[in-house]
Every structure is written in structure tokens, then in C-alpha cells.
Amino acid sequence: MQSFPSIAEKHPERRILVIDDESQLAHTVKSLLTTSGYDVQVAFGGREGLRKLDEEDFQLVITDLRMNDVDGFEVMRSLHERPYIEFIVITGHASTESAIEAIHYKAFDFLTKPFDFEILRATVARAFAKIETDKFRDDMISMITHDIKIPLSSIIGYSSIVFDKKTGQLNPRAQEFVNTISSNGAKILALIDNFLTSCKIEAGKLVIGSNPVNIHYLIDDLMSVFQFEIERNQLSLKTDLCEEVPLVLGEENLLFRAVSNLLSNAVKFSPRGGKITLQTQVLESDESPLEQRSLLIKVSNTGAGIPEEDLPKIFEKFRRGHSEHGIEGSGIGSYVLKYVVEAHGGMVQVHSVPNALTSFSIFLPVQPSDSALEASPER
Ligand SMILES: Nc1ncnc2c1ncn2[C@@H]1O[C@H](COP(=O)(O)OP(=O)(O)OP(=O)(O)O)[C@@H](O)[C@H]1O
Ligand SMILES: [Mg+2]
């Protein structure tokens, strides 16, 4: 069973490279921005700057325009094709002309020496906001063009044949068509939900309430969402749910999406005729990796599985396995799953034996069972 470092610990990284052959200025900028929470590196001159940009990832470059070896224009020219990187140029007070030229060229903004720290900080914050907006726009375009168009076309296509156009009679296969429409609608909703959740995660705006959520109700709802896909692919699904009402404090729609992402993968990556099991179990503190009373939700499926070297990568955003040709997806479900579970104080573990069985285990802190009935909402 493998566990991986928390996504929250790695996030967010806002890396800045300051390039200036005046080492004192470079160090001052570094220390000022470091206190504002940025990860800042310094390069003394354009040549060293280009080397660092080649070796490491930076989202923002603050560069002097006039440098002896390689100047600021050359630095920008060299990175002309790199996406999601912005430049702020620093100029002497007599060189506003070249600063304007730099803006026309590629720079996001310029600062004239000597500059005020508040202006520097505000300019840097605006540059990062622009990078985020650019990324959001591109991810959105990619999601719409690659992932939403196909299920949406299918919905339009099937809805046009539910009734015979000439006679107005219900097509004998109407039920199958409606099921396909509903299943494609659920796919689009999952995609939009995951995308918006990932945007909130990245903006640090994901809010987790502490409402009592009965995980078994949530699983019941999910069964009806996946029933059609399960039947269509002749999969067998065995559920083994614990007796206790498993009550988790948190955000119901996020927990729904997390468990849905898990089941969606089990359904999608099982071959025709494959087997899926879904189990819930309450673990005492000495049995749980959370070292507190926990709910285990374990989903296993047969199929090709995940090679060991891919396991740490599957929770990264937009990361898909190597063997997914033909299986739709955008590589966002497991990223959201892990983040949501961890934001609820939980943990995800995965174990896969390729061409045999893949199991995902979610551990979530669970409320004492005697609080379950009074807190559980009516259904
Ligand atoms: N149950 C599973 N069996 C086999 N491979 C899996 C399973 N779950 C996840 N994976 C692998 O992990 C990758 C990442 O999973 P993730 O859910 O993030 O993406 P996806 O399912 O491809 O796309 P999306 O969830 O956005 O529709 C998958 O592409 C697949 O390679
Ligand atoms: Mg998925």
C-alpha cells in the first residue's frame, strides 16, 4: 500500500528569478519578496539568469534591462515561447524609453530605480494574477474543446432520436438512449465540478464546512449515477457496507465528488466483464493510519492497473497513465479526490497489481456512532 506526500504541502509554488548584475539591489529585492512568501532566486547577470531559467521553473522574472553580458531584452527573447512566465523589467530613471519598448515587446510591467517596495509587491501580485488568469483560460478552452464536446454531441445526437421524427412515436430503444443521455450529462457535470474545485484549490479558496455527512446516503446516490455504465460494460459490483452509520464532518458536495471520482475510475478502467468491490468499515484509532477513529472507503477493481512507477504521479493535476488510449478523461479526478480527502483530515492510499487488482483506500475521521441519528438529516 503506498501513501504519497500531501498535495497541500507542495502547493502553491510561486517562484521568482531576479536577474541583476547589481548584486545589492538583487539581494534587497530577494529579501523583500521572500518576506511576502515568494520563493526567490537571484542571478547576477543575464547569462547566469538564462542558465537558471533553463534548469529550473520560474513563473516570474524580474530583470534589469541593461546588463553587461546578456541584456534583459535577450533574456525575454530567449524565453519567447515559454508559456505562463511573466517579466517585470527594472530600468534606471533615465531609460523610460527602453522600458516602454520592453512593454511593447513582452514585459508585463516596468519599475524605475529607485522603487518603492509597495509598488514592487503590487506589481508582482498583479503579474501572478495574470499568469493564473491565462492558465485558467487555457485549461477552460482545453476542457471545452477536448472533454465536453464529445459527451455533449452524444447528448444532442441521442436526444434527437428518442422520438421518431416522422411519426412522433417513442423509439423502442428510448430507454437506452435516455440512459446514455443521462450518463453523458453526469460526465459533463463531473468534469465541470472537478475543474471548478481544482480552480478553488489553486486559488486557496476551497472552503470545508463541518456539516454531518452520511457517507452511505452518498454512496446510494452514486450507485444510481453509475448503474447504467456498470450494466453496459457487464461489470459486477459487490458492496459490503458497515452496519454503523458513517458520519463524516465536512462538505457533502465535495465528498460526493471525491467518492464519485473513485468509482468513476473503477468503472472506467475495468475491462468488460470486470469486477468492482466497494467496502466501508469503521476502524478504531489503533487500526487506522489517521490514529483516530476513521471510516475506510475502499474501492477495488480488476484490470490493467497502474504500474508502480506511475503511482506517485496519478494525483498530479492533468496527469494520466500511459495506457489510457481510448479511455476518456482529463486526469483531474484523482487530484481532486486526494485534495478533498486531505482537506477533511483524511488520507488516500493506493495499491495496484497490474493486470490483477487495483485498490484505492480513503480514510476519513468519523464521528462517534451515538451522534449519528440525531445529526443525520432526514431523507
Ligand atoms: N482504478 C484504476 N485502475 C487503473 N488505472 C487507474 C485507476 N484509477 C486511476 N488510474 C490511473 O490514474 C490516472 C489518473 O486518474 P484520474 O482520475 O486523475 O484521471 P482520469 O480518470 O484519466 O481523468 P478524469 O478523472 O479527469 O476523468 C488515470 O488516467 C489512470 O491512468
Ligand atoms: Mg478519473
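Numbering of residues begins at 1 and proceeds along the displayed sequence.
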Single-linkage hydrophobic cluster Y38~F87, side-chain heavy atoms < 4.5 angstrom: no

Any side-chain heavy-atom pair of I19 and D64 under 4.5 Å: no

Side chain to side chain, S334 and N265, heavy atoms closer than 4.5 Å: yes

Given S270, S300, S352, the one that forms side-chain hydrogen bond (donor to acceptor under 3.5 Å, both in side chains) with T358: S352

Minimal non-hydrogen separation, P354 against I306, with atom names: CG-O, 3.9 Å

Those residues that, when tested against T180, pass side-chain contact (heavy atoms from CB on, under 4.5 Å) (two or more places apart): S154, Y158, N184, F228, R232

Hydrophobic cluster identity match, F108 and L33, side-chain contacts under 4.5 Å: yes

The single option from E202, E132, E86 passing salt bridge (Lys or Arg N to Asp or Glu O under 4.0 Å) against R14: E132

Atom of G46, atom of M67 and distance for their closest heavy-atom approach: N-SD, 3.7 Å

All side-chain contact (heavy atoms from CB on, under 4.5 Å) counterparts of S182, not counting sequence neighbours: none

Sub-4.5 Å side-chain heavy-atom contact between N301 and L357: no

Side chain to side chain contact (heavy atoms under 4.5 Å, CB included) partner of L222, chosen from V259, L262, L278: V259

From CD1 (I181) to CD (E176), nearest 0.5 Å: 11.0 Å

Inter-residue atom distance I148.CD1 - L191.CG, 0.5 Å rounding: 5.5 Å

Centroid-centroid under 6.0 Å between Y335 and F318 rings: no

Path from F117 to V29 over hydrophobic side-chain contacts below 4.5 Å: yes

Taking every non-hydrogen atom, the tightest pair across E48 and A43: OE2-CA, 3.8 Å

For V225 against A186, the heavy-atom pair lying closest together: CG1-CB, 4.0 Å

Within-4.5 Å side-chain heavy-atom neighbours: L283 and L290: no

Contact summary for L32 and T35, nearest pair of heavy atoms: O-OG1, 2.6 Å

Near-ring test F44/H27, centroid separation under 6.0 angstrom: yes

Non-hydrogen side-chain atoms of I16 and Q41 separated by less than 4.5 Å: no

Ionic contact status for K113 with E22, cut-off 4.0 Å: yes

Pairwise side-chain contact, Y105 with I100, heavy-atom cut-off 4.5 Å (strictly under): no

Main-chain N/O of D57 paired to R15 side chain as donor or acceptor, under 3.5 Å: yes

Ring centres under 6.0 angstrom apart (F195, F136): yes

Backbone of P365 reached by a side-chain donor or acceptor of Q292 within 3.5 Å: no

Residue E243 excluded, over 12 heavy atoms near CD under 6.0 Å: no

Derivation and outcome, side-chain contact (heavy atoms from CB on, under 4.5 Å), residues L53 and I85: CA-CA 10 Å; L53 285 160; I85 187 160; 4.0 Å; yes

From CG (N179) to CZ (R173), nearest 0.5 Å: 12.0 Å

Backbone N/O of V340 and side chain of H344: donor-acceptor pair under 3.5 Å: yes

Over 12 non-hydrogen atoms of neighbours within 6.0 angstrom of CG in D116: yes

Qualifying residues under side-chain contact (heavy atoms from CB on, under 4.5 Å), relative to E74, sequence neighbours excluded: V70, D71, R77, S78

Distance in Å, L364 CG paired with S288 OG, rounded so as to fall on 0.5 Å steps: 9.5 Å

Heavy atoms of other groups near Q175 CD, more than 12 under 6.0 Å: no

side-chain contact (heavy atoms from CB on, under 4.5 Å) between K268 and E229, intermediate numbers included: CA-CA 9 Å; K268 224 167 40 168; E229 288 286 321; over 6 Å; no

Non-hydrogen side-chain atoms of L65 and I90 separated by less than 4.5 Å: no

Minimum-distance pair of heavy atoms, taken over all atoms of V42 and K52: O-NZ, 2.8 Å

Single-linkage hydrophobic cluster, 4.5 Å side-chain cutoff, F128 and V61 together: no

Q367 side chain vs V248 backbone, donor-acceptor pair below 3.5 Å: no

More than 12 heavy atoms from other groups under 6.0 Å of CD on E284: yes

Salt-bridge criterion met for E316 and K313 (N-O under 4.0 Å): no

Side-chain heavy atoms of T280 within contact of L295, under 4.5 Å: yes

Over 12 non-hydrogen atoms of neighbours within 6.0 angstrom of CD1 in I150: no

K135/D139 salt bridge by N-O under 4.0 Å criterion: no

Candidate pair E342 and K338, rule side-chain contact (heavy atoms from CB on, under 4.5 Å), full reasoning: CA-CA 6 Å; E342 288 175 359; K338 186 164 155 62; 2.7 Å; yes

Between D164 and N171: side-chain donor-acceptor atoms closer than 3.5 Å: no

Donor-acceptor under 3.5 Å (N211 side chain, E251 main chain): no

Single hit among Q279, Q349, Q281, H351 for side chain to side chain contact (heavy atoms under 4.5 Å, CB included) with K298: Q279

D21 side-chain N/O to N68 backbone N/O, donor-acceptor pair under 3.5 Å: yes

More than 12 heavy atoms of other groups within 6.0 Å of Q24 CD: no

Path from V299 to L235 over hydrophobic side-chain contacts below 4.5 Å: yes

Approximate separation, where rounding is to 0.5 Å, of S198 OG and D193 CG: 10.5 Å

Intermediate values then yes/no, side-chain contact (heavy atoms from CB on, under 4.5 Å), I276 and V267: CA-CA 8 Å; I276 301 173; V267 170; 3.9 Å; yes

Test item: side-chain donor near acceptor, D138 and Y84, under 3.5 Å: yes

Distance (rounded to the nearest 0.5 Å) between C199 SG and L206 CG: 11.0 Å

